[in-house]
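Remarks on the structure that follows.
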Amino acid sequence: MTDTIAAVEAVLPVSRETRERLETYVALLRKWQPAQNLVSPYTLGQIWTRHVADCAQLVAMFPTTRKWLDLGSGAGLPGMITAILLADQDGAVVHCVEANQRKCAFLRTVIRETGAKAEVHEGRIESVLKQWQHPVERISARALASLKDLLDLSAPVLAAGSTGTFHKGEDFDGELAEASKSWSLDLVRHKSMIDERSLIVEITRAERRSA
């Protein structure tokens with residue numbers, strides 16, 4: 001199967017303007033990749049399917065969400081894809097938290113050249129979220145950390161009423177067992193539209209267990 005933007009459109013219909021923004025993003029990623037190693041080199045040949053469409057499914061699953069917080073944004077997956085898909089929506093914003101200065105420069109370049117509805121917050125996740133004051137409906141993260149670590153990192157925002165929405169793989173049951181030792185959780189497993197071995201895990205309630 002040829003890897004094209006059709007992989008995205010199979011998940012979520014997009015306008016001509018959105019298609020152009022996504023194509024600009026992919027071109028920028030390819031341009032910056034040799035110096036920044038934004039994604040695994042082995043996945044470049046499947047960038048539309050493995051990365052863009054995989055991230056686009058968040059907007060397909062949760063189409064009414066307008067305010068997102070993306071942790072460890074890196075190459076902007078999923079945060080910048082979400083922001084591009086929401087570029088024409090009033091009140092939409094994706095807050096991208098990233099500690100690496102060069103990756104922040106990449107994210108800001110994407111925002112400037114695509115008009116994505118995003119803001120970049122440079123710094124370690126723990127430090128940025130410790131003083132977080134922006135309204136957020138959902139938190140996203142992809143290939144960042146174990147479920148337990150994601151809960152620990154996002155605790156201040158989850159406690160304020162946000163919902164966790166995390167990409168997870170086939171080892172999720174093990175991660176859930178480990179996280180459940182220190183967290184009481186309510187969650188929903190959404191089957192990935194892209195990879196039958198993967199999930200989008202929606203955390204609707206997270207409370208720390210008493211020691």
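These numbers come from a predicted model, not from an experiment. Sequence positions, counted from 1, serve as the residue numbers for this chain.
- There is no path of hydrophobic side-chain contacts, each under 4.5 Å, that joins M193 to F172.
- Panel note: side chain K67, backbone G91; a donor-acceptor pair is recorded below 3.5 Å.
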Begin with the C-alpha distance, continue with both residues' side-chain angles, and end with the deciding distance and a verdict on salt bridge (charged side-chain N to carboxylate O under 4.0 Å, His left out) for R21 and E17. CA-CA 6 Å; R21 291 179 180 118; E17 292 81 8; over 6 Å; no
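- The stretch residues 26-51 participates, sequence neighbours left out, in no salt bridge (Lys or Arg N to Asp or Glu O under 4.0 Å) pair at all.
- When the side chains of ILVMFWY residues are joined at heavy-atom separations under 4.5 Å, either directly or via intervening members, L58 and V26 end up in a single hydrophobic cluster.
- In summary, the side chains of S192 and D195 do not present any donor paired with an acceptor at a separation below 3.5 Å, with no hydrogens or angles considered.
- Within the 3.5 Å criterion, the main-chain N or O of K103 finds no donor-acceptor partner in the side chain of Q36.
- To the nearest 0.5 angstrom, W48 atom CH2 is 8.5 Å from T4 atom OG1.
- A donor-acceptor contact shorter than 3.5 Å is absent between the side chain of E137 and the backbone of T65.
- Considering every non-hydrogen atom in both P63 and R66, the closest pair reads O-NH1, 2.8 Å.
- Within a 6.0 Å sphere centred on CG of D90, heavy atoms belonging to other residues, nucleotides or ligands number 12 at most.
- Counting only distance, with no hydrogens or angles, the side chain of K148 and the backbone of S182 share no donor-acceptor pair below 3.5 Å.
- The shortest distance between side-chain heavy atoms of L22 and L85 falls below 4.5 Å.
- The NE2 atom of H167 sits 12.5 Å away from the CG atom of L144 when rounded to the nearest 0.5 Å.
- For the pair R138 and F62, the cation sits on the ring face: its NZ or CZ lies under 6.0 Å from the ring centre, inside 45° of the axis.
- Within the 3.5 Å criterion, the main-chain N or O of V157 finds no donor-acceptor partner in the side chain of S154.
- Donor-acceptor pairing under 3.5 Å is recorded for the side chains of D3 and T49.
- With a 6.0 Å radius and a threshold of 12 heavy atoms from other residues, nucleotides or ligands, R189 has its CZ atom above the threshold.
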Step by step, would you call L129 with L71 a side chain to side chain contact (heavy atoms under 4.5 Å, CB included)? CA-CA 10 Å; L129 296 194; L71 304 181; 4.0 Å; yes
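- Between T109 and W32, the shortest heavy-atom contact is OG1-CZ2, 3.5 Å.
- Atom CG of N100 and atom OG of S73 lie 11.5 Å apart (nearest 0.5 Å).
- Within a 6.0 Å radius of CZ in R124, no more than 12 heavy atoms belonging to other residues, nucleotides or ligands are found.
- Using cut-offs of 30° and 60° on the angle between ring planes, the pair H95 and W132 is perpendicular.
- The minimum heavy-atom distance linking L147 with K168 is given by the pair N-NZ, 3.7 Å.
- A distance of 11.0 Å separates NZ of K191 from CE of M61, quoted to the nearest 0.5 Å.
- Side-chain atoms of F166 and I139, non-hydrogen and from C-beta on, do get closer than 4.5 Å to each other.
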Show your working on salt bridge (charged side-chain N to carboxylate O under 4.0 Å, His left out) between E98 and R108 and close with a plain yes or no. CA-CA 11 Å; E98 173 56 49; R108 292 186 180 108; over 6 Å; no
Salt bridge (charged side-chain N to carboxylate O under 4.0 Å, His left out) between R208 and D152, worked out: CA-CA 9 Å; R208 287 190 190 274; D152 290 341; 3.3 Å; yes
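- Donor-acceptor pairing under 3.5 Å is lacking for the side chains of S40 and T43.
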Are H121 and H134 close enough, and set up right, to give a side chain to side chain contact (heavy atoms under 4.5 Å, CB included), and what steps lead you there? CA-CA 12 Å; H121 304 264; H134 305 280; 3.7 Å; yes
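- Residues V11 and V201 do not share a hydrophobic cluster, defined by chaining ILVMFWY side chains whose heavy atoms lie under 4.5 Å apart.
- Considering only heavy atoms from C-beta on, S146 stays 4.5 Å or farther from E178 through its side chain.
- Surrounding CZ of R197 are at most 12 heavy atoms belonging to other residues, nucleotides or ligands under 6.0 Å away.
- To the nearest 0.5 Å, atom OG1 of residue T165 and atom CG of residue L187 are 11.5 Å apart.
- When all heavy atoms are compared, the tightest approach of A116 to M80 is CB-SD, 3.8 Å.
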Under the side chain to side chain contact (heavy atoms under 4.5 Å, CB included) rule, what do W183 and R205 come out as? Steps first, then yes or no, please. CA-CA 10 Å; W183 289 90; R205 182 186 63 86; over 6 Å; no
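- Nearest heavy atoms, G79 versus D70: N-OD2, 3.1 Å.
- In this structure, L77 is a member of the same hydrophobic cluster as L44, with clusters built from ILVMFWY side-chain heavy atoms closer than 4.5 Å.
- With values rounded to the nearest 0.5 angstrom, I203 atom CD1 is found 8.0 Å from L158 atom CG.
- A continuous path of Ile, Leu, Val, Met, Phe, Trp and Tyr side chains, each step under 4.5 Å between heavy atoms, connects V94 with L28, placing both in one hydrophobic cluster.
- The minimum heavy-atom distance between A145 and E175, with the atom names listed, is O-OE1, 4.4 Å.
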Decide yes or no on side chain to side chain contact (heavy atoms under 4.5 Å, CB included) for K181 and R209, but give the supporting numbers first. CA-CA 8 Å; K181 295 176 183 177; R209 297 188 186 276; over 6 Å; no
